[in-house]
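Since the structure comes first, as structure tokens, the remarks are kept for the end.
These numbers come from the heavy atoms of this one structure, side chains and all, not from hydrogens, waters or symmetry mates. Throughout, protein chains are lettered first and strands after them, A, B, ... in sequence-line order, and every chain is numbered starting at 1.
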Amino acid sequence: MLRLEDRITQVTVEGMQALYGAGIDSKQVPLQRTRKDLNGDFTLVVFPLLRYSKKSPEETATELGGFLQEKIEEISDFEIVKGFLNLYVSNEYWSQFFASVFAAPRYGQVQLDDSSEKYVIEYSSPNTNKPLHLGHIRNNLLGFSVSRLVKAGGKKVEMVNLVNDRGIHICKSMIAWKKWGDDATPESIGIKGDRIVGDFYVLFDKHYRSEIKTLVDNGMSEEEAAKKAPSILEAQEMLRKWELNDPETISLWEKMNQWVYKGFDETYRKLGISFDKIYYESQTYKLGKELVEEGLKNGHLIRKDDGSVWADLTGDGLDEKLLLRSDGTSVYMTQDLGTAHQRFAEYKFDKQIYVVGNEQIYHFKVLSLILNKLGYAWSDKLYHLSYGMVELPEGKMKSREGKVVDADDLIAEMVANAEVISQELGKLDDFPENEKADIYYRIAMGALKYFILKVDPQKTMLFNPRESIDFTGNTGPFIQYTYVRIRSVVRKAKEKGLNVDYSFDKNLELDPREVNLLKTVYTYPELLQDAGKQLSPAMIANYVYELVKEFNTFYQHIPILKEADLAKRGFRLALSNFIANHIQESMLLLGIEMPERM
RNA sequence: GGCCUCAUAGUUCAAGGGAUAGAACAGAAGUUUCCUAAACUUCAGAUUCAGGUUCGAGUCCUGGUGGGGCUACCA
């Protein structure tokens, strides 16, 4: 069925031709939804068409309105307000629209088939020297949700994680553990593995700083002291040993990384996110060297006198970029060139999306440029989805100084808050403990995920641990609560054995609040597609919020089960049930689960 | 210095170049013998500044101010 909007657009084009002899394109038709606070369903903005009609806005709108009403039977009436042509759609149309969608599973989502494009989405990408914090939470929730959105838009999606498991930062934790660890293990002291390793990282930094201070007090410059402090020299020595495959170093590295992975898995599980494949940088970090050598041979790259290799990007308005150090070792960029090449060989993707913070915009710009320079046509299939930092009231988080909001702590605190609020309301008093715990968890995660995902990814967001996350208002629990109430109504209907059949009846009288709900639902398929293209979970969050507010108004003012007219009762129940499913499915795209009661 | 980015009520967020800039929290005032009051209803409150483009600008362009980021032989 052709969408009504498309019909109106098409007929408007015909109307412009018939009335004014103007051949306009359908893209020139400014059709939009009528503002909520005004009467009407669709609005045609006639101002841009005046240059063709050569008449006043009112005259043009009147003539076009008459033409549309005559040609499209669903248009019952029209009205002209300040030069805007407001079209009224018959209730019968909305009723019919509902009948066509209410039984459809996964409303608005596009089914996959063999010709679907393939997307690789890389996200999370943690360092193994510290536990996950609030910044990672934003990354993980975004990456996961965007994956679901893209899939709902009809693409095949591979979710991958590239773990940064090697480098000087891990050596720092290893050094600290060796020197001051007393052979502590997660089991022996009962602390999560990623937390222990992070604590040693902070401990290293503490000693390192005090060494620098001592050296500076003895007359050394700050810069020199930072390079000559014994701790950092030790860490560098350890990295060299690691690269030479020194058995003792490798074994410690493996042991500590295992601790971290176990800890990460637990946090990922609590966040409800997953990956199709995990890559480790220790296995990929040398991959780019061959590409660089080849680029050198083909004259795309340059080697300097000291042996270092560079890409000259000055022609693109950027600087030169180092790709191989003078000692022949590779850098971050080299490894990303390699992994990109490997991924394309592996997946032949139509698009690869990197979910990485906006401080790396330059890096990814350079990455694409260099691949392009090296002659890889797929360089334009890489896309960096950059998101803003999460800031605390006191400013940026700094993991070295331990100034972070830890992911596990935050989740635990959220769950505790959900429990307190739930108990105050007392609605779950007669529930078994394990069911209660599950509900608290769902509410807590609903609040946290919604809080983060409703914000436009691009923007820096502020997080105030004490005030930020509410359970009332524009929040996840607000949406969950609406879902729960609908489920309750449906349960009651079944318990009472009410006849709740719904079948399309063109004469069914609709309340304006019911029509409002249907109009909102009508916009969803297009909105979902847009959200998938723009990689914006926030668009879905805002849509669901609007839908839920409208439903609550409906629920508050219009009886469902108490309605005596059976046709109306059946319709309202079917509508409510559809909205509940729709809420559940669209919130799942954000990774948010609904409780059945709360 | 150069480049990128953001700026909307007291606060946290919305607004595909379109009508009177929406919400929530905080503030003020109401609604439970009735489908879950984590709800609903009402009041009060904002586009950083100066130009420009346009029939029309929070949105696009130029400049100023302010915040954040990048500009490593770290990742």
(request) Determine, for nucleotides 43-49 of chain B in 5'-to-3' order, which nucleotides have protein heavy atoms under 4.0 Å from the base (write B), from only the sugar-phosphate (write S), or from neither (write -). (result) -------
(request) At under 4.0 Å between heavy atoms, which parts of nucleotides 26-34 of chain B does protein reach? Answer with one letter per nucleotide, 5' to 3': B base, S sugar-phosphate only, - none. (result) --------S
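Heavy atoms of P57(A) sit nowhere under 4.0 angstrom from any nucleic acid atom. Residue contacts shown for V484(A) include a base, since a base heavy atom lies under 4.0 Å away.
Stacking of the aromatic ring of Y481(A) onto the base of A39(B) is not found under the criterion of centres within 5.5 Å and planes under 30°.
Listed pair K492(A) / U36(B) meets the phosphate criterion, a side-chain N or O lying under 4.0 Å from OP1 or OP2. Contact annotation: N474(A) side-chain N/O to A23(B) OP1/OP2 distance is not under 4.0 Å. Q458(A) has a side-chain polar atom (N or O) that falls below the 4.0 Å cut-off from OP1 or OP2 of C6(B). Between U41(B) and T553(A), a contact under 4.0 Å exists linking OP1 or OP2 to a side-chain N or O. Listed pair K459(A) / A7(B) meets the phosphate criterion, a side-chain N or O lying under 4.0 Å from OP1 or OP2. Note on R325(A): a side-chain N or O is less than 4.0 Å away from OP1 or OP2 of C74(B). OP1 or OP2 of A24(B) sits under 4.0 Å from a side-chain N or O of K549(A). Put simply, S308(A) has no side-chain N or O that comes within less than 4.0 Å of OP1 or OP2 on C73(B).
Residues meeting the side-chain hydrogen bond (donor to acceptor under 3.5 Å, both in side chains) test with E435(A), sequence neighbours left out: none.
With its glycosidic angle more than 90° from 0, U71(B) is assigned anti.
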